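All chains are named by letter (A, B, ...) in the order of the sequence lines, taking the proteins before the strands, and each is independently numbered beginning at 1. Predicted model, so just to flag it, every value in this text is computed and none were measured.
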2 protein chains.
Amino acid sequence: MAAVNDHQDIKREKILEASYQRFLHYGYSKTTMNEIAGDLSMSKALLYYYFPDKSQLYIAVMRKIAGDYLTVLEENINAFTNLKDAFVFQINVHHDFIVKNYNFFDFFRLNEQNLPDTIWEIVGQVHSAELSLLSNAVKTEVSRGTIKPVDNPDELVDLLLDALHGIRVGAVSQKKTSFPRKEHLEEIHTKKLLLIDIFIKGLMY
Amino acid sequence: MAAVNDHQDIKREKILEASYQRFLHYGYSKTTMNEIAGDLSMSKALLYYYFPDKSQLYIAVMRKIAGDYLTVLEENINAFTNLKDAFVFQINVHHDFIVKNYNFFDFFRLNEQNLPDTIWEIVGQVHSAELSLLSNAVKTEVSRGTIKPVDNPDELVDLLLDALHGIRVGAVSQKKTSFPRKEHLEEIHTKKLLLIDIFIKGLMY
DNA sequence: CTTTTGATAATTTTGTTAAAAAAGTCAGGA
DNA sequence: TCCTGACTTTTTTAACAAAATTATCAAAAG
């Protein structure tokens with residue numbers, strides 16, 4: 001019984017991996033179930049044995065990479081001895097994640113307003129995980145006594161995340177390019193660091 | 001000669017006003033030149049006498065409302081005796097502007113990536129005007145001695161504007177609604193105030 | 001009983017074309 | 001110079017067939 005499930009799980013993993021590569025390189029709408037099946041040398045019907053439909057497959061992949069992302073964050077965020085480094089780490093990891101998976105998220109841009117609820121669930125989960133991690137970092141810093149006590153750490157971190165998102169969006173949209181070029185990456189990064197700097201100073205005594 | 005130009009200007013103004021109403025209520029693509037002409041009881045051909053084509057007409061309207069927006073800002077931004085109030089004022093005016101003209105900007109959402117250069121010019125002009133106004137406010141505040149000297153006020157204000165933009169976007173996109181509802185307006189406003197508050201504290205001694 | 005597939009059904013996308021709507025032009029009138 | 005009706009050109013829409021893709025299923029394989 002356990003062996004069977006192991007086998008199933010391995011196969012599911014392989015499907016997820018192949019799907020991820022396709023989605024990443026060609027986007028959601030330009031990858032077909034046939035192609036994914038072909039990559040794995042299996043029949044398309046088998047994909048439907050493991051996943052109910054294409055969007056569910058996509059969502060499963062998304063759940064996986066979101067999990068990986070959070071794992072990196074969770075495993076390292078507590079290693080920093082000051083809040084700023086923790087924030088900077090989060091910025092870097094998040095930014096790398098977005099850049100690396102940019103094409104994967106074309107599904108988002110494509111369906112813009114009416115994404116399936118499951119997607120929003122994942123987004124929400126990631127967000128609250130980030131929130132909780134960074135929120136803890138803030139609390140830790142407060143207990144170190146380097147910044148003033150914070151009424152509502154969650155609200156504060158939420159605010160910061162939104163603001164950082166603005167830096168990304170602003171830098172990209174004003175240059176009227178849909179995707180940040182290498183040169184912008186530096187600019188964005190610099191700006192984010194600057195914001196973090198001011199923000200944290202704003203929290204100090 | 002002057003009278004003739006006056007007359008022309010008045011007519012152009014009327015056309016701009018009628019066009020604005022149409023664009024505002026029905027968006028760019030669902031407004032026809034015939035309708036605008038009809039509203040003004042003039043022939044469509046006359047519109048083409050005053051404006052080279054539809055997109056130029058749209059751009060002229062945009063230039064006008066952008067000018068009005070900047071005028072409000074310019075005329076009031078110096079009346080405040082502290083930086084925070086100035087920033088808050090900018091937030092409010094900008095937010096009202098976006099909300100009021102939301103439908104007008106469907107042209108942006110529609111053409112997403114490839115907007116005519118002229119549009120970007122206007123956007124750029126508005127942005128640098130805002131930048132310069134707020135930048136001055138920062139300098140004034142520095143000279144008052146309540147905040148630390150700032151290396152590059154423009155860069156700083158640019159950063160803040162991006163961050164504020166993030167608050168707008170974040171609050172809207174995460175609620176998976178394309179347009180802020182009344183309840184969100186308050187939330188966004190509160191968040192912006194909070195950000196401003198921390199940001200300014202971050203600038204203080 | 002679980003896993004797999006080929007064949008096939010159902011749905012969505014794409015391409016085509018004709019009609020309708022809208023943009024844009026122009027000769028000429030006031 | 002300002003304006004118009006009639007006209008041409010371009011764009012959008014609708015309808016529909018063809019093609020591509022998603023999804024199903026009975027039955028084979030292990």
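Judged by distance alone, with hydrogens and angles left aside, the side-chain atoms of E141(A) form a donor-acceptor pair with the main-chain N or O of L83(A) at under 3.5 Å. Of the possible polar contacts, one joining the R12(A) side chain to the Y50(A) backbone as a donor-acceptor pair under 3.5 Å is found. R63(B) places no side-chain N or O within donor-acceptor distance of the main-chain N or O of I119(B), the cut-off being under 3.5 Å. A distance-only check finds no donor-acceptor pair linking the side chain of D154(B) to the backbone of S135(B) [under 3.5 Å].
Taking the six-membered ring for Trp and thresholds of 30 and 60 degrees, Y58(A) and F23(A) have ring planes more than 60 degrees apart, a perpendicular arrangement.
In this structure, T31(B) reaches the sugar-phosphate backbone alone: every heavy-atom distance under 4.0 Å involves primed, P, OP1 or OP2 atoms, never a base.
Contacts between residues 40-63 of chain A and DNA chain C, defined by a heavy-atom separation below 4.0 Å, involve M42(A), S43(A), A45(A), L46(A), Y49(A), Y50(A), listed by number.
OP1 or OP2 of dT4(C) sits under 4.0 Å from a side-chain N or O of K11(A).
Regarding R12(B), its CZ atom lies at a distance of 16 Å from the P atom of dT1(D), rounded to whole Å. dT11(D) atom P lies 17 Å from atom CG of N34(B), rounded to whole Å. Between K14(A) atom NZ and dT4(C) atom P the separation is 12 Å, expressed in whole Å. What separates CD1 of I15(A) from P of dT3(C) is a distance of 11 Å, to the nearest Å. One interatomic measurement links the two molecules: CE of M33(B) to P of dT10(D), which rounds to 17 Å at whole-angstrom precision.
Checked for salt-bridge contact, R168(B) and D162(A) miss the test: no charged N lies under 4.0 Å from a carboxylate O.
Under 3.5 Å, the side chains of D106(B) and N103(B) contain no donor-acceptor pair of N or O atoms. If you check the side chains of N101(B) and Y69(B), you find no donor sitting under 3.5 Å from an acceptor. Side-chain contact check for N34(B) and T32(B): no donor-acceptor pair (N or O, by modelled atom type) lies under 3.5 Å.
With a 6.0 Å cutoff to the six-membered ring centre and a 45° limit on the axis angle, K54(B) counts as a cation-pi contact of Y28(B).
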### Message
Would I36(B) and Y20(B) count as a side chain to side chain contact (heavy atoms under 4.5 Å, CB included) here? Give the steps.
### Response
CA-CA 9 Å; I36(B) 295 172; Y20(B) 172 64; over 6 Å; no
Can you give me the N/O atom pairs linking the protein to nucleotides 28-30 of chain C at distances under 3.5 Å, or say none if there are none?
none

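Comparing the axis of the opening five pairs of the helix from dC1(C)-dG30(D) to dA30(C)-dT1(D) with that of the closing five pairs yields an angle of 40°, rounded to 10°.
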